[in-house]
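Position 1 is the first residue of the sequence; numbering continues from there.
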Amino acid sequence: MPSEKAVVIFDGACNLCDGAVCVITRHDPNSVFELVALQSMQGRALLSQFKLTDVAMDSVILIKQGQYYLRSDAIIEIAKSLSGAPRLVKYVAFFPRVLRNATYNFIAKHRYRLFGQKAICQLPKK
């Protein structure tokens, strides 16, 4: 149904992902997104439903209107619904997907070393 919220599935232990969640929360004035840690029961159920368990640890995932988006495609789709400066990220779509995802994959592979990780996930309050 079009009225359902889009779901962002993220790595709840990753500090980079935590920062992205804070940005989404701050710049989502219409409450378009529901934020779900992939480590949660709801996250695991959605990953199983969409058969995404193999890619989950290395990708932010957006589920919107029954369709899923991975990696840079997910980031671009999320940015389209945000307000303020984060909305500008949607223009990354002008770069070839292979280049966008190569950059995304490099950052995802090294995210814990570059940004650290935490023991537990806490969703920010709106």
Checking [X] side chain against [Y] main chain: does a donor-acceptor pair fall under 3.5 Å?
X	Y	result
Asp28	Ile24	no
Ser40	Ala37	yes
Arg71	Val60	no
Asp11	Cys17	no
Thr25	Val21	yes

Inset, instruction - Take Phe10 and Leu38, measure what side chain to side chain contact (heavy atoms under 4.5 Å, CB included) needs, and give me the verdict at the end. - result: CA-CA 6 Å; Phe10 65 96; Leu38 65 89; over 6 Å; no
[Y] and [X], any side-chain heavy atoms less than 4.5 Å apart:
X	Y	result
Tyr104	Ser59	yes
Glu34	Glu4	no
Val7	Phe33	no
Val92	Arg100	yes

Please give me the minimum heavy-atom distance between [X] and [Y], naming the atom from each residue.
X	Y	value
Ser81	Arg87	N-NH1, 4.0 Å
Pro86	Ala79	O-CB, 3.6 Å
His27	Gly84	ND1-CA, 4.3 Å

Inset, instruction - Determine, stepwise, if the pair Ile107 / Lys109 fulfils side chain to side chain contact (heavy atoms under 4.5 Å, CB included). - result: CA-CA 5 Å; Ile107 293 169; Lys109 182 178 180 179; over 6 Å; no
With rounding to the nearest 0.5 angstrom, report the [atom1] to [atom2] distance, [X] to [Y].
X	Y	atom1	atom2	answer
Leu47	Gln39	CG	CD	9.5 Å
Ile76	Lys80	CD1	NZ	7.5 Å
Gln67	Asp73	CD	CG	9.5 Å
Tyr69	Leu62	OH	CG	7.0 Å
Leu82	Ile75	CG	CD1	11.0 Å
Leu46	Ile61	CG	CD1	9.0 Å

Inset, instruction - May I ask you to check whether over 12 heavy atoms, not counting those of Tyr68, lie within 6.0 Å of atom OH? - result: no
Legend entry - Contacts of Phe106 that satisfy ring-ring contact (aromatic ring centres under 6.0 Å, His included) - sequence neighbours left out: His110
Inset, instruction - Report whether Val8 and Val23 are members of the same hydrophobic cluster (ILVMFWY, side-chain heavy atoms less than 4.5 Å apart, transitive linking). - result: no
